[in-house]
Amino acid sequence: QVRLVESGGGLVQAGGTLRLSCAASGSISGINSMGWYRQAPGNERDFVASITSGGRTNYADSVKGRFTISRDNAKNTVYLQMNNLKPEDTAVYYCKVVRAFWGEYWGQGTQVTVSL
């Protein structure tokens with residue numbers, strides 16, 4: 001089984017910066033894509049950003065130019081650098097990994113709160 005441990009969430013003021021980390025352990029062979037989703041109260045869980053094993057990135061329109069996703073394959077860790085945070089970024093952020101032929105795995109989530 002794949003275990004995902006997220007860290008880096010917190011409370012910041014609008015315009016501030018946070019960096020999320022997600023470290024994968026366990027059955028980590030065959031991991032292709034790693035990414036981030038977020039869910040605000042009363043909302044669906046929405047895609048934020050992803051990165052493939054080859055380094056191709058994808059971003060939701062709402063975070064383009066502000067967020068940067070990266071990965072350290074040696075550490076089996078994916079990061080989300082979040083700059084110029086806005087109140088609408090407030091949500092629980094979930095790490096997701098896609099393991100070829102085994103399926104998807106989710107972290108427990110980390111809270112990001114952006115105040116006015």
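Linking ILVMFWY side-chain heavy atoms closer than 4.5 Å, directly or via other members, places Trp106 and Leu80 in two distinct hydrophobic clusters. Leu11 and Val114 are not part of a single hydrophobic cluster, where members link through side-chain heavy atoms under 4.5 Å apart. When hydrophobic clusters are built by joining Ile, Leu, Val, Met, Phe, Trp and Tyr residues whose side-chain heavy atoms come closer than 4.5 Å, directly or via intermediates, Val112 is not grouped with Val92. Residues Val63 and Tyr94 do not share a hydrophobic cluster, defined by chaining ILVMFWY side chains whose heavy atoms lie under 4.5 Å apart.
Once rounded to the nearest 0.5 Å, the distance linking CZ of Phe47 with CZ of Arg38 reads 11.0 Å. Here the straight-line distance linking atom OG of Ser27 with atom CD of Gln1 works out to 7.0 Å at 0.5 Å rounding. Here the CZ-CD1 distance, from Arg56 to Ile51, works out to 11.5 Å after rounding to the nearest 0.5 Å. Atom-to-atom distance recorded for Tyr105:OH and Ile31:CD1 is 9.0 Å, nearest 0.5 angstrom. Rounded to the nearest 0.5 angstrom, Ser50 OG and Lys96 NZ are separated by 7.5 Å. Rounding to the nearest 0.5 Å gives a distance of 4.5 Å between CZ of Arg71 and CG of Asn73.
In terms of heavy atoms, Leu18 sits closest to Gly8 at CD2-O, 3.7 Å. Across every non-hydrogen atom of Val5 and Gln108, the tightest pair is CA-OE1, 4.1 Å. For the pair Arg66 and Asn84, the tightest heavy-atom approach, listed with the atom from each and the gap, is NH1-O, 3.0 Å. Annotation for Thr68 and Tyr59: closest pair CA-OH, 3.4 Å, computed over non-hydrogen atoms. Cys95 approaches Val78 most closely through the heavy-atom pair SG-CG1, 3.8 Å. Closest of all the heavy-atom pairs between Ile69 and Met34 is CD1-O, 3.8 Å.
With hydrogens and angles disregarded, no donor-acceptor distance shorter than 3.5 Å links the side chain of Arg3 to the backbone of Gly26. The backbone N or O of Gly109 lies less than 3.5 Å from a partner atom in the side chain of Glu6, making a donor-acceptor pair. Arg99 places no side-chain N or O within 3.5 Å of a backbone atom of Ile28 that could act as its donor or acceptor partner. Between the Thr113 side chain and the Thr90 main chain, no donor and acceptor come within less than 3.5 Å of each other.
Environment of CD in Glu88: crowded, with over 12 heavy atoms of neighbouring residues, nucleotides or ligands closer than 6.0 Å.
Residues Lys64 and Asp61 are paired through a salt bridge, judged by an N-O separation under 4.0 Å between the basic side chain and the carboxylate.
Among Tyr79, Trp36, Phe67, the single residue meeting the side-chain contact (heavy atoms from CB on, under 4.5 Å) criterion with Leu20 is Trp36.
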